[in-house]
Amino acid sequence: MNSPRPTISPASPEGSAKARVDAYDWRALTGELDGFGCTVLPKLLTPAECSALAGLYAEEQHFRSHIVMARHGFGKGEYRYFKYPLPGLLDGLRTALYPHLAGIANGWNERMGIAEHYPDEHASFLKRCHEAGQTRPTPLLLQYVPGDFNCLHQDLYGDLAFPIQVAILLSEPGRDFTGGEFVLTEQRPRMQSRVEVVPLRQGDAVAFAVHNRPVSGTKGNYRVNLRHGVSRVRSGMRHTVGIIFHDAR
């Protein structure tokens, strides 16, 4: 995927989140999400920001829960869900990314005949989540060491689920770890599954479909089902931060 690069250099203050997100070519990004179910936002975070976020993993005061994947059959590895208030930069990115993705999500729902319409602002969508009993924050920090992997899955967490999410690679492939590729599978009706392997560098973000997306066929639009995961880490340590836009029960 040849994703457009921003026209500004991402600065470290959390207040720059909206500026850096708005600087991407969202027409091109939308085209890739529509065509492939995923797209890359290169260099969304600086190396210093990546290191700072990864460094939070050992500081338990930032998190509401700690998940060991093998205990639940999710794969091998571990992750922690952040608690509110989120770290400033992460909260700023979640707020800034949502409006761009909401427009795409509403277009998808219209094409798939789904009545759900997402509001323009993330705060309004979170209000809906909380009114539905989904009050627990879902952004998470994942850590993998050699032999770890993440099984193909969908992050839904409740009746209200925003259909696109974002993952940002905090480690540098080839230097900090090997293996550990982000993988997306797409199952089309009565067809074999399609696989997308997304190459990422440190600071790159991938936006991708959580569950369903529309595909144009000879008889109109139809739904395909997507799952995502991470292949086996061969060496080193891999950190990723996940931005999920709906909250959990």
Side-chain angles (χ1 to χ4, degrees), residues 37-38 40 44-45 47 49-83 86-87 90 94 136-158 161-187 192-211 225-249:
C38 60
V40 174
L44 181 60
L45 295 181
E49 289 168 338
C50 290
S51 296
L53 280 173
L56 296 179
Y57 196 85
E59 301 176 10
E60 294 188 8
Q61 68 268 26
H62 299 289
F63 304 98
R64 65 173 177 85
S65 64
H66 177 201
I67 307 298
V68 177
M69 295 186 198
R71 294 176 185 170
H72 306 277
F74 297 161
K76 189 179 177 187
E78 57 184 64
Y79 54 89
R80 296 179 185 266
Y81 286 107
F82 285 97
K83 66 182 181 181
L86 300 176
L90 185 58
R94 196 184 192 206
R136 296 189 297 164
T138 49
L140 68 163
L141 187 58
L142 303 99
Q143 177 174 280
Y144 303 86
V145 296
D148 288 354
F149 61 94
N150 196 346
C151 294
L152 294 170
H153 66 284
Q154 299 167 326
D155 296 310
L156 297 176
Y157 300 122
F162 191 73
I164 303 170
Q165 71 188 66
V166 173
I168 309 171
L169 184 61
L170 304 180
S171 308
E172 176 62 23
R175 183 193 69 195
D176 301 324
F177 71 96
T178 60
E181 293 86 0
F182 179 86
V183 177
L184 193 72
T185 65
E186 182 177 273
Q187 185 177 9
Q192 293 182 322
S193 295
R194 184 181 70 86
V195 177
E196 191 87 30
V197 179
V198 183
L200 299 171
R201 309 300 301 184
Q202 184 183 43
D204 290 351
V206 56
F208 57 96
V210 175
H211 183 205
N225 187 52
L226 296 102
R227 297 180 183 274
H228 64 277
V230 174
S231 69
R232 177 165 56 96
V233 171
R234 307 288 178 144
S235 64
M237 182 176 288
R238 180 189 191 274
H239 285 100
T240 308
V241 67
I243 301 177
I244 298 167
F245 295 94
H246 50 273
D247 278 352
R249 285 192 178 278

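In this chain, numbering begins with 1 at the start of the sequence shown.
The two residues Leu184 and Phe208 have their closest heavy-atom pair at CD1-CD1, 4.1 Å. Residues Gly73 and Cys151 share a closest heavy-atom pair of O-SG, 4.1 Å. Considering all non-hydrogen atoms of both residues, Val145 and Val233 come closest at O-CB, 3.7 Å. When all heavy atoms of Leu170 and Cys50 are compared, the pair lying nearest together is O-CB, 3.4 Å. Considering every non-hydrogen atom in both Tyr157 and Ile244, the closest pair reads CE1-CD1, 3.6 Å. Taking all atoms of both residues into account, the shortest heavy-atom contact from Leu142 to Gly242 is CD1-N, 4.4 Å.
By the 4.5 Å heavy-atom criterion applied to side chains, Arg201 and Glu172 are counted as neighbours. No side-chain heavy atom of His228 sits less than 4.5 Å from a side-chain heavy atom of Val206. Residues Phe82 and Val241 form a side-chain contact, since some pair of their non-hydrogen atoms from C-beta on lies under 4.5 Å apart.
For the atom pair CZ of Arg64 and CG of Leu140, the computed distance is 9.0 Å after rounding to the nearest 0.5 Å. Atom CG of Leu90 and atom CG of Leu45 lie 9.0 Å apart (nearest 0.5 Å). Interatomic distance, Leu44 CG to Glu49 CD, rounded to the nearest 0.5 Å: 8.0 Å. Rounded to the nearest 0.5 Å, atoms CD (Gln165) and CZ (Phe245) are 8.5 Å apart. Summarising the geometry, atom OH belonging to Tyr144 is positioned 4.0 Å from atom CE belonging to Met69; distances are rounded to the nearest 0.5 Å. Taken from CZ in Arg136 to OG in Ser65, the straight-line distance is 7.0 Å, to the nearest 0.5 Å.
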**Prompt:** Are Phe177 and Leu169 close enough, and set up right, to give a side chain to side chain contact (heavy atoms under 4.5 Å, CB included), and what steps lead you there?
**Reply:** CA-CA 11 Å; Phe177 71 96; Leu169 184 61; 4.1 Å; yes
**Message:** His211 vs Asn225, test: side chain to side chain contact (heavy atoms under 4.5 Å, CB included). Steps then yes/no.
**Reply:** CA-CA 6 Å; His211 183 205; Asn225 187 52; 3.1 Å; yes
**Request:** Before giving the answer on side chain to side chain donor-acceptor pair (under 3.5 Å), spell out for Asp176 and His239 the whole-Å C-alpha distance, their side-chain angles and the decisive distance to 0.1 Å.
**Result:** CA-CA 9 Å; Asp176 301 324; His239 285 100; over 6 Å; no
**Residue pair Gln143, Arg80: steps toward the side chain to side chain contact (heavy atoms under 4.5 Å, CB included) verdict** = CA-CA 9 Å; Gln143 177 174 280; Arg80 296 179 185 266; over 6 Å; no
**Request:** Just do the side chain to side chain contact (heavy atoms under 4.5 Å, CB included) check on Ile67 and Tyr81 with the steps written out, would you?
**Result:** CA-CA 8 Å; Ile67 307 298; Tyr81 286 107; 4.0 Å; yes
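A donor-acceptor pair under 3.5 Å links the side-chain atoms of Gln154 to the main chain of Leu226, judged by distance alone. Judged purely by atom type and a 3.5 angstrom limit, Lys83 uses its side chain to pair as donor or acceptor with the backbone of Gln61. Not a single donor-acceptor pair under 3.5 Å links the side chain of Arg232 to the backbone N or O of Gly147. In terms of modelled atom types and a separation under 3.5 Å, the side chain of Thr138 and the main chain of Ala248 share no donor-acceptor contact. Formation of a donor-acceptor pair under 3.5 Å by the Gln202 side chain with backbone atoms of Ser171 is not found in this model. Remark: side-chain polar atoms of His66 are not paired, donor with acceptor, to backbone N or O of Glu78 under 3.5 angstrom.
Heavy-atom contacts from other residues, nucleotides or ligands closer than 6.0 Å to CZ of Arg175 number more than 12. Atom CD of Glu60 has 12 or fewer neighbouring heavy atoms from other residues, nucleotides or ligands inside a 6.0 Å radius.
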